[in-house]
Amino acid sequence: MAVLTYWSARTGIFLAVLGVLWIVRWRDVMAFLAAFIVAWLVSYLVLPGMRAKAQAQMDAWISRSERGLREADAEEDAEIGADNDHGAPAGR
């Protein structure tokens, strides 16, 4: 949930900056680029706690995913090893 909250806050900051630029009648592609840069800077300075929580949540997701992949690989290796033990011809 922390990732979604952080993403929502950053999106809100971007839209607020873009809205201010829209109000002052800056309505071209450069306004989007400026809003992106300003929103990035503001969110970097204002949301360090939210960013840390989101990063911790993402790290947990990645660790859980990697653990699942390692377990699946170990299971597959065990199955291949069992097949080789039972299906190998005598004398090899």
Side-chain angles (χ1 to χ4, degrees):
M1 198 60 149
V3 173
L4 182 61
T5 304
Y6 179 62
W7 178 81
S8 298
R10 289 194 64 177
T11 302
I13 291 170
F14 170 76
L15 292 175
V17 171
L18 188 61
V20 169
L21 293 176
W22 190 268
I23 289 170
V24 296
R25 299 193 186 276
W26 194 13
R27 299 177 179 157
D28 59 1
V29 174
M30 291 303 292
F32 282 95
L33 182 61
F36 179 78
I37 292 169
V38 171
W40 172 80
L41 180 61
V42 169
S43 66
Y44 183 79
L45 296 174
V46 175
L47 305 174
M50 290 178 75
R51 181 174 53 253
K53 289 178 185 176
Q55 181 179 2
Q57 186 177 25
M58 288 295 293
D59 288 343
W61 290 345
I62 291 169
S63 296
R64 191 170 41 240
S65 176
E66 287 175 346
R67 185 176 55 243
L69 289 174
R70 283 193 303 270
E71 290 171 357
D73 285 345
E75 182 179 326
E76 183 178 338
D77 290 344
E79 289 175 2
I80 291 171
D83 288 345
N84 287 341
D85 292 342
H86 295 291
R92 281 196 167 181

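From a predicted model like this one, the values you see are computed outputs, not experimental measurements.
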> Transitive ILVMFWY cluster of Met58 at side-chain heavy atoms under 4.5 Å: who else is in it?
Replying inline: Val3, Trp61

Donor-acceptor pairs under 3.5 angstrom involving side-chain atoms of residues 10-17: please list them, not counting sequence neighbours.
from  : atom 1 : to    : atom 2 : distance (Å)
Arg10 : NE     : Ser43 : OG     : 3.3
Thr11 : OG1    : Trp7  : O      : 2.8

Side chains of residues 28-37: which donor-acceptor pairs under 3.5 Å do they make with residues two or more places apart or in other chains?
from  : atom 1 : to    : atom 2 : distance (Å)
Asp28 : OD1    : Trp26 : NE1    : 3.0
Asp28 : OD1    : Met30 : N      : 3.4
Asp28 : OD1    : Ala31 : N      : 3.2

> Trp22: what forms a ring pair (Phe, Tyr, Trp, His ring centres under 6.0 Å) with it, not counting sequence neighbours?
Replying inline: none

> Which ILVMFWY residues are connected to Ile23, directly or by a chain of links, through side-chain heavy atoms under 4.5 Å apart?
Replying inline: none

>> Once side-chain contact (heavy atoms from CB on, under 4.5 Å) is applied, do any residues pair with Thr5, and if so which ones, sequence neighbours excluded?
In response: Met1, Met50

> Roughly how far, to the nearest 0.5 Å, is CD of Glu66 from CG of Asp59?
Replying inline: 9.5 Å

>> The criterion is side-chain contact (heavy atoms from CB on, under 4.5 Å); which residues satisfy it with Ala52, sequence neighbours excluded?
In response: none

